[in-house]
Asks: 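The structure under discussion is supplied below as structure tokens; questions concerning it will follow.
We count ligands from 1, going down the list as the structure has it; atoms in each ligand are counted the same way. Throughout, residue positions are numbered sequentially from 1 according to the sequence presented. This structure is a prediction, so every number in the text was calculated from the model and none was measured.
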Amino acid sequence: METSEQGTSRAQGGPDRGRRWLLGVGWLSFLTSLVGPALANVRFLFPNVVYEAPPVSKLGTPEEYPVGSLTFLEGPRVNVFRDADGFRAVSAICTHLRCTIGPYGPADGEFKFVHSHCPCHGSVFDTFGKVWRPPAPRDLDVYYIGVGPDGRLFVDTSRPVGKDYQLKV
Ligand code: FES
């Protein structure tokens, strides 16, 4: 049986109301403490800086590159060769420890063809990416090069191709 004091206390919201309010504040604090870290984790999925070069690099139209020309793309570190047979895109990243290989130079006493020396440990590559002197363990990568709908060349470093791939134009 309810006493008149308890009845008055409930009517005014007494101890029960206070407990409910405190419980509500507790739950609210708990849930709020979960939201912050959850948002921080979601934010962590989207870094402020993208360190890798985008895989597709645009160049000019094929006519802008004379036969015999060599164009170095600094961002993706790719050499684009134009010769009588067409275009090819050869990585300039050494397969030993990823140094950027040096500029291509003419034949010399040791190598009877146009070649490049890696400045880090001396590997030598030809213009098709073939390694002629270690320590590089394998040939340079060759990437897809094509002509986009806008008539401009592009190189896609996410699409490695065979060593003999050339874009005929
Ligand atoms: S990084 Fe090129 S030879 Fe070592």
Asks: Give a yes or no on whether His96 keeps an N, O or S atom under 2.8 Å from atom 4 (Fe) of ligand 1.
Replies: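 Looking at His96, which is the residue asked about, there is an N, O or S atom under 2.8 Å from atom 4 (Fe) of ligand 1.
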
Asks: Distance under 6.0 Å and angle within 45° of the ring axis: does Arg88 meet both against Phe128?
Replies: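 The answer is yes, since Arg88 meets both limits relative to Phe128.
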
Asks: Take the SG atom of Cys118, take the SG atom of Cys94, and say whether they are under 2.5 Å apart.
Replies: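 Cysteines Cys118 and Cys94 do not qualify as a disulfide pair, their SG atoms being 2.5 Å or more apart.
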
Asks: Measuring from Thr157:OG1 to Ile145:CD1, what's the distance to the nearest 0.5 Å?
Replies: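 One finds 12.0 Å between OG1 of Thr157 and CD1 of Ile145.
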
Asks: Between Cys120 and atom 2 (Fe) of ligand 1, is there a contact where an N/O/S atom of the residue lies under 2.8 Å from the metal?
Replies: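 Looking at Cys120, which is the residue asked about, there is no N, O or S atom under 2.8 Å from atom 2 (Fe) of ligand 1.
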
Asks: Would you please indicate if the ring centroids of Phe81 and Phe87 are separated by under 6.0 Å?
Replies: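 No, too far apart.
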
Asks: Just which atoms of ligand 1 are under 4.0 Å from any heavy atom in Cys118?
Replies: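 Answer for ligand 1: 1 (S), 2 (Fe), 3 (S).
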
Asks: Could you find the nearest protein heavy atom to atom 1 (S) of ligand 1 and give me its residue, atom name and distance?
Replies: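 It is Leu97 N, 3.3 Å.
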
Asks: What do the steps show when you test Arg138 against Asp141 for salt bridge (charged side-chain N to carboxylate O under 4.0 Å, His left out), and what is the final call?
Replies: CA-CA 9 Å; Arg138 62 178 178 85; Asp141 292 321; 3.0 Å; yes

Asks: Please work out, at 4.0 Å between heavy atoms, whether the side chain, the backbone, both, or neither of Ser123 comes within that distance of ligand 1.
Replies: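 Answer for Ser123: both.
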
Asks: With a cut-off of 2.8 Å, does His121 place any N/O/S atom under that distance from atom 4 (Fe) of ligand 1?
Replies: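 True for His121.
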
